[in-house]
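Computed over heavy atoms, backbone and side chain alike; hydrogens, waters and symmetry mates excluded. Keep in mind the model is a prediction, meaning the values are calculated, not measured.
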Amino acid sequence: MEQLHSHISTLLKCIDFEEKEETNRYKLDQVHTLKSFKTEGLAIHPIKVTKKNFGYADYPEIAFRIPYPTDTNQFRDGVAIECFYGQEESVKGVLISLDGKQGEFRLFAPDFPDWIEEEGVGIKRSPDQRTTSLMKQTLKDLSKDKRLYDLFLSIHDEKLANGNEQKTVSTNVDFKNKRLNESQQEAVKAVVENETMTILHGPPGTGKTTTLIEAIVQLVRKEEKVLVSAPSNTAVDNIAKGLLAQGVKILRVGNSTKIDEALANYTPEGRLSDKTIQKEIKELKKRAEEFRKMALQYKRRFGKAEREQRSLLFKEVKNIRTEIKKTLSYHEDKLYAQAQVILGTPVGLVDSHLNKLKFDTLVIDEAGQCLEPLAWCVFPLAEKYVLAGDPYQLPPTVLSAQAEKLGLNKSILEVCFKNSESIYLLNTQYRMREAIAGFSSLLFYNNELKTPSHLQNTQTHITFFDTAGAGHEEQQGANGSSLMNEGELEMVQKIMLSEKLDVHECAFISPYSGQVTLAKERLSTSMKISTIDSFQGQEYHTIILSLVRSNDDGIIGFLNDTRRMNVALTRAKENLYVIGDSATLGKHHFYKQFLDYVEKAGSYRSVWELFEE
């Protein structure tokens, strides 16, 4: 028992480390300058404001454009940001979306800053104090709930580790989706029969989302009320759209501007389009606008009395905003009761105050990307749990090296994988050619991953271009930033010409953001360019992977986390080209195995062949 209490203490300590690291990492000062922030991809500056409006709950929202190539991998939907300008006080907010060079963010302020449309406005990453405070409070309260605490004990009791046994399921299910394979059907049956926790282990391309949707449909048929969550809005939206296609009554909660437009009518805001409700909200917003205008009569340079009056007026704006939220909440409660399935990110679900309702099953998709403490925030909302994902792909991102060392980057899926008696492997992949899938199947999935006959090899689908001896050494970016390799980027262009590749069918990926930033400057703007971490969950006809590392000491940095390579090697559907230095990579057992595999299942070529053509 003490050991388990100790684990909660360790997680709390981890979150403290993460909070401190976030605060230090995202603070502009003499050490962390704007220049270094931009180099590290932590700031986008300057931005061009293209539109302003008052959106959700009357918060200011800004649409913007990025007028130059830059690394935006740190700016995922929903991250905390600050909007800044020169020496003016920055304003906290949240990134709603960023697609290519177009983005949108919301400010937690009563009005737009006076300087918002000036030249030189930018946004930077900011600590996510809402999520960390929520996780800490949840862990502190965990022992107060006997049912949840018993579950916690069973998950963390090393004596119960059973080697990932799979229970035999006997439930008869009338499948709505008649195209499910045998392993998918078994997984659905397990979810229907689930009494505590079931894990759907979905390697790349195995139809995890399709299987989950069928499983949820079957739970709804049993008249269960289901909650669905995932760390990313995109994953939540994918399941929501799949359930809609099956005729399920859904409600997609969270900030509506982070949600796919196709689901707009299925959000609380979309459903609350009743004229009476809208009139009530409109009147409140009108009052807020009047107070705002009165406050803005006082300019930036004014005396104490004027400053107090302006402050009081903005306080009224804040009070009205609270009243709008309460009005929305009253009407939302009715919608929650009517929905068969409610979907949202963990924080989105908690902020929707769903604890008034009783849910039978909670489904967490992308559970391999969900921090354990974040999962415990939503576990209290349901009686039974389904975790879906793959512990052999990338874990959640953690900034603090101390927190990572203590295990904060272990996802809820990875933690539960050890002791679960109900793990169901989806064993057939439909994404890629057999040769592309083969190495991951061998190294990560006990060679159990099957490929259907139509994807059996017809030609060479995986090629390794070896740069050993070519002088294409890695270089450190400016100010000690991420690594890059100019020689490997030259090879990308030669490969495109030599293999007659269509730029619109190709994606370039690399483990290093420095290489990605350089690629955006050097390669075609029509090509999809991304870090491996940001590309998880995506696929492309052709992938060109640049591994960057080339040094005499065999140092490969975070390529040591072989899960990153598992992600990278399973994105291509038809052709995979890998560029790397065998002399550096081959000193690591995993990469030695990969090089041996390519020689047997694909094509192993020297860089010199490209230069001779």
Undergrad: Please work out which of the three classes, parallel, tilted or perpendicular, describes the rings of F464 and Y604, given edges at 30° and 60°.
TA: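 Y604 and F464: tilted rings.
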Undergrad: Taking the six-membered ring for Trp, are Y540 and F508 ring centroids under 6.0 Å apart?
TA: no
Undergrad: Give a yes or no on whether the backbone of T531 and the side-chain of S534 come within a donor-acceptor separation of less than 3.5 Å.
TA: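 The answer is no, because no donor-acceptor pair under 3.5 Å joins these two groups.
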Undergrad: On the ring face of F558, is R564 found with NZ or CZ under 6.0 Å from the centre and within 45° of the axis?
TA: yes
Undergrad: Answer yes or no: is there a donor N or O on one side and an acceptor on the other, between the side chain of N566 and the main chain of F444, under 3.5 Å?
TA: no
Undergrad: Got a salt bridge between K600 and D596, using NZ or NE/NH1/NH2 to carboxylate O under 4.0 Å?
TA: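 Looking at K600 and D596, the cut-off is not met.
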Undergrad: Please check: side-chain N/O of R522 versus main-chain N/O of L489, any donor-acceptor pairing under 3.5 Å?
TA: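 Side chain of R522 to backbone of L489, a donor-acceptor pair under 3.5 Å: no, none is there.
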Undergrad: About how many Å separate OG1 of T198 and NZ of K384, when rounded to the nearest 0.5 Å?
TA: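 One finds 9.0 Å between NZ of K384 and OG1 of T198.
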Undergrad: Salt-bridge test for E609 and R605: reply yes if a basic N is under 4.0 Å from a carboxylate O, no otherwise.
TA: yes
Undergrad: Are E474 and R549 ion-paired here, with the side-chain N under 4.0 Å from a carboxylate O?
TA: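 Result for this pair is yes, salt bridge flagged.
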Undergrad: With a 4.0 Å cut-off, would you call R563 and E414 a salt bridge?
TA: yes
Undergrad: Any donor-acceptor pair under 3.5 Å linking the side chain of Q515 with the backbone of N485?
TA: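 Yes, the answer is positive, given that a donor and an acceptor are paired below the 3.5 Å cut-off.
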Undergrad: Any chance the side chains of T361 and E224 put a donor and an acceptor closer than 3.5 Å?
TA: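 T361 vs E224: donor-acceptor pair found between side chains.
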Undergrad: Within a strict 4.5 Å, meaning less than it, do heavy atoms of the D365 and N238 side chains meet?
TA: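 In short, these two side chains do not touch, never coming nearer than 4.5 Å.
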Undergrad: Donor-acceptor pair, E366 side chain versus A230 backbone, under 3.5 Å?
TA: no
Undergrad: Could you tell me whether E574 and R433 make a salt bridge, using a distance below 4.0 angstrom between a side-chain N and a carboxylate O?
TA: yes
Undergrad: Does a donor on one side chain and an acceptor on the other come within less than 3.5 Å for D237 and T234?
TA: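 There is no such pair between these side chains.
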